[in-house]
Amino acid sequence: MRAAIVLNSKGNIAKIEEDYIIATDAGYKEVLLQGKKPNIVIGDFDSSDMPKDLDVIKLQIEKDDTDGQAAIEYAKEHSIDEIVIYGVTGGRLDHELCNLSLLAKAHSYGINASAKQPDVTIFYKETGKVTFDINKGATFSIIAFGDELTITNGKGCKYPINNLNISKYDLGRSISNIALDDKVSFEIIKGSCLIFKY
């Protein structure tokens with residue numbers, strides 16, 4: 001089953017396309033603004049009133065995990081195998097980084113996950129071949145997610161991806177590549193990455 005996770009964000013949120021919706025904290029307000037109803041709202045409600053007419057899982061304010069992490073756990077427990085996360089940006093920078101890490105957490109559970117913003121789609125990949133559709137001429141960036149990333153056999157990209165080693169100290173080496181076709185592929189030899197598709 002495919003589901004949306006809508007985070008509490010102060011930024012613009014893309015149009016929610018999924019029918020099954022998990023909202024976190026004040027994220028439920030954005031869902032309602034888009035004329036939809038969340039199936040469940042999960043949160044500590046430290047930044048919002050708790051909704052009265054929706055199904056809610058109330059979390060403690062003082063906890064080790066974020067509301068977004070709790071939403072990933074909920075997806076795992078309910079056999080959801082694909083999620084699209086909305087609202088990953090638009091807040092504090094530390095929150096944004098934590099939100100992006102939700103993609104890796106979902107991957108560790110075998111859940112196919114992406115994050116969608118009005119201007120970008122973000123996904124997480126580990127070792128193996130990576131292929132994705134993209135508009136010809138569009139920009140994409142590959143960001144190492146960990147200490148070191150090695151990628152090779154790039155196809156459909158303007159700037160070569162051949163035995164490219166990227167560490168956490170030189171993330172700029174794989175920023176702003178250009179798609180030469182409607183499909184891009186490369187192979188991850190070592191490490192993991194976030195792919196930003198504009």
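Nearest heavy atom pair, residue I111 against residue I83, reads CG2-CG1, 3.9 Å. Closest approach of I22 to A71, counting heavy atoms only: CG2-CB, 4.0 Å. Here the closest heavy-atom approach between residue K129 and residue S185 is recorded as CE-CB, 4.1 Å. Heavy-atom minimum distance, G154 versus N162: N-OD1, 4.1 Å. Taking both residues in full, the closest heavy atoms of L59 and I42 are given as CD1-CG2, 3.7 Å, listed atom of the first, atom of the second, then distance. A pairwise comparison of heavy atoms in S48 and A26 identifies CB-CB, 3.4 Å as the closest pair.
Between L7 and V88, the closest side-chain pair of non-hydrogen atoms falls below 4.5 Å.
Remark: D181 does not engage K136 in a salt bridge, criterion side-chain N to carboxylate O under 4.0 Å.
With D25 contributing its side chain and F45 its backbone, the two residues share a donor-acceptor pair below 3.5 Å. Side chain of N177 to main chain of Y159: a donor-acceptor pair is present (N/O by atom type, distance under 3.5 Å, no hydrogens or angles). Proximity of a side-chain donor or acceptor of S141 to a complementary backbone N or O of I175 within less than 3.5 Å is not detected. Side chain of E126 to backbone of A104: no donor-acceptor contact under 3.5 angstrom is found.
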> Does the side chain to side chain contact (heavy atoms under 4.5 Å, CB included) test come out yes or no for L102 and Q69, once each step is laid out?
Replying inline: CA-CA 7 Å; L102 297 176; Q69 289 170 308; 3.6 Å; yes
>> Between D182 and D133, is the side chain to side chain contact (heavy atoms under 4.5 Å, CB included) condition met? List the steps.
In response: CA-CA 6 Å; D182 59 2; D133 296 326; 6.0 Å; no
> I40 and V56: side chain to side chain contact (heavy atoms under 4.5 Å, CB included), yes or no, with the steps?
Replying inline: CA-CA 6 Å; I40 190 73; V56 170; 5.8 Å; no
>> For C193 and I188: C-alpha separation, side-chain torsions, deciding distance, then whether side chain to side chain contact (heavy atoms under 4.5 Å, CB included) applies.
In response: CA-CA 9 Å; C193 66; I188 302 174; 3.8 Å; yes
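With hydrophobic clusters built from ILVMFWY side chains whose heavy atoms lie under 4.5 angstrom apart, I80 shares a cluster with F123. Residues I142 and I134 share a hydrophobic cluster, clusters being chains of Ile/Leu/Val/Met/Phe/Trp/Tyr side chains in contact below 4.5 Å. The hydrophobic clustering, which links ILVMFWY residues whose side-chain heavy atoms are closer than 4.5 Å, places L149 and Y124 together. Follow the hydrophobic side-chain contacts under 4.5 Å out from I21 and you reach I13 in the same cluster. The hydrophobic cluster containing I189 does not contain L194, counting ILVMFWY residues as joined when their side-chain heavy atoms lie under 4.5 angstrom apart, directly or transitively.
Residues that satisfy the side chain to side chain donor-acceptor pair (under 3.5 Å) test with N99, not counting sequence neighbours, are absent from this structure. Qualifying salt bridge (Lys or Arg N to Asp or Glu O under 4.0 Å) partners for E73, counting only residues two or more places apart in sequence or in other chains: K105.
In summary, the side chains of T150 and N165 do present a donor paired with an acceptor at a separation below 3.5 Å, with no hydrogens or angles considered.
Between the CG atom in L100 and the CD1 atom in I143 there is a gap of 10.0 Å [rounded to 0.5 Å]. The line from OH of Y28 to CG of D49 is 6.0 Å long, rounded to the nearest 0.5 Å. Atom OG1 of T131 and atom CD of E187 lie 10.0 Å apart (nearest 0.5 Å). Rounded to the nearest 0.5 angstrom, I85 CD1 and L103 CG are separated by 4.5 Å. With rounding to the nearest 0.5 angstrom, the CZ atom of R2 is 10.5 Å from the CG atom of D81. Taking NE2 of H78 as the start and CE of M1 as the end, the distance is 8.0 Å to the nearest 0.5 Å.
Around NZ of K125, the count of heavy atoms belonging to other residues, nucleotides or ligands within 6.0 Å does not exceed 12. Atom NZ of K58 sits in a crowded spot, with more than 12 heavy atoms from other residues, nucleotides or ligands closer than 6.0 Å. Within 6.0 Å of OH on Y109 lie more than 12 heavy atoms contributed by other residues, nucleotides or ligands.
Tested against Y86, the residues K116, E18, Q117, E30 include a single side chain to side chain donor-acceptor pair (under 3.5 Å) partner, E18. In summary, of the residues considered (Y198, F132, F196), a ring pair (Phe, Tyr, Trp, His ring centres under 6.0 Å) with F140 occurs for F132 alone.
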